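Notes follow once the structure below has been shown.
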Amino acid sequence: ITLCLFFRWQKIFMFPLWSKLAIFWNKAFLTIIVLLIVLFFDAVREVKKYSSVHVSEKAVNVNTSAFDHIQMKLFRSQRNLYISGFSLFLWLVLRRIVTLLTQLAKGMTTQAALEMQVNNTTEAAKKYITENEKLQQ
């Protein structure tokens, strides 16, 4: 059953389209990771900017709506920080999973080829043993 499913998935992944996309996939993957890192550092900068104490104290002394406005910007920057950080983490996990699945598929292909070779060798050995026994008789 497993071998049947393996060959079915192997047929799907052997489409010519995938090999053409594989050339650009690594570059696209790295580009997205760099973009997520830039967004993460921008969010960290914004959080530091709006969470400084002296800005909040000045805003309280001037106007309560200004304080609320700064708190709103702090909330948004923290939200962006969490979203970009979690996205970066999940993107790196996704890359690792893809790498492991690729290695597993290559290993399964090698295993299937070796099993077929072992079966052929075993059949040939049995054939030679029976022929040898016939010659000895």
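Model, not experiment: these values are computed from the prediction.
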- Item | Cluster overlap Leu39 with Val34, hydrophobic side-chain contacts below 4.5 Å | no
- Message: Would you compute the distance between atom CD1 of Ile37 and atom CD1 of Ile32 and round it to the nearest 0.5 angstrom?
- Response: 12.5 Å
- Heavy-atom distance under 4.5 Å between the side chains of Arg79 and Tyr82, does that happen here? no
- Smallest separation among heavy atoms of Phe40 and Ser84, with atom names: CA-OG, 3.4 Å
- Point-to-point distance, once rounded to the nearest 0.5 Å, from CD of Glu123 to OH of Tyr128: 12.0 Å
- Message: I'd like to check the ring-ring contact (aromatic ring centres under 6.0 Å, His included) partners of Phe89; sequence neighbours left out, ordered by chain and number.
- Response: none
- Task: Hey, could you give me the CG/CG distance between Leu88 and Leu35, rounded to the nearest 0.5 Å?
- Result: 10.0 Å
- Item | Distance-minimising heavy-atom pair for Arg95 and Leu30 | NH1-CD2, 3.8 Å
- Stepwise, does the side-chain hydrogen bond (donor to acceptor under 3.5 Å, both in side chains) test hold for Gln111 with Glu115? CA-CA 6 Å; Gln111 178 188 3; Glu115 283 180 9; 3.1 Å; yes
- Residue pair Trp91 / Phe29, side-chain heavy-atom distance below 4.5 Å: yes
- Query: Counting only heavy atoms not in Phe86, do more than 12 fall under 6.0 Å of its CZ?
  - Reply: no
- Between Asn80 and Ala43, the two heavy atoms sitting closest are C-CB, 3.9 Å
- Message: A side-chain contact here means heavy atoms from C-beta on lying under 4.5 Å apart; do Leu92 and Ile33 qualify?
- Response: yes
- Item | Atom pair OG1/CD of Thr122 and Gln117 - distance to nearest 0.5 Å | 10.5 Å
- Report whether Phe41 and Val47 are members of the same hydrophobic cluster (ILVMFWY, side-chain heavy atoms less than 4.5 Å apart, transitive linking). yes
- Given Val98, Leu100, Val93, the one that forms side-chain contact (heavy atoms from CB on, under 4.5 Å) with Arg96: Leu100
- Report yes if some heavy atom in the side chain of Gln103 is under 4.5 Å from a heavy atom in the side chain of Lys106; otherwise report no. no
- Rounded distance [0.5 Å steps], CD in Glu131 versus CG in Leu135: 7.0 Å
- CG/Leu94 to OG1/Thr99 distance, rounded to the nearest 0.5 angstrom? 9.0 Å
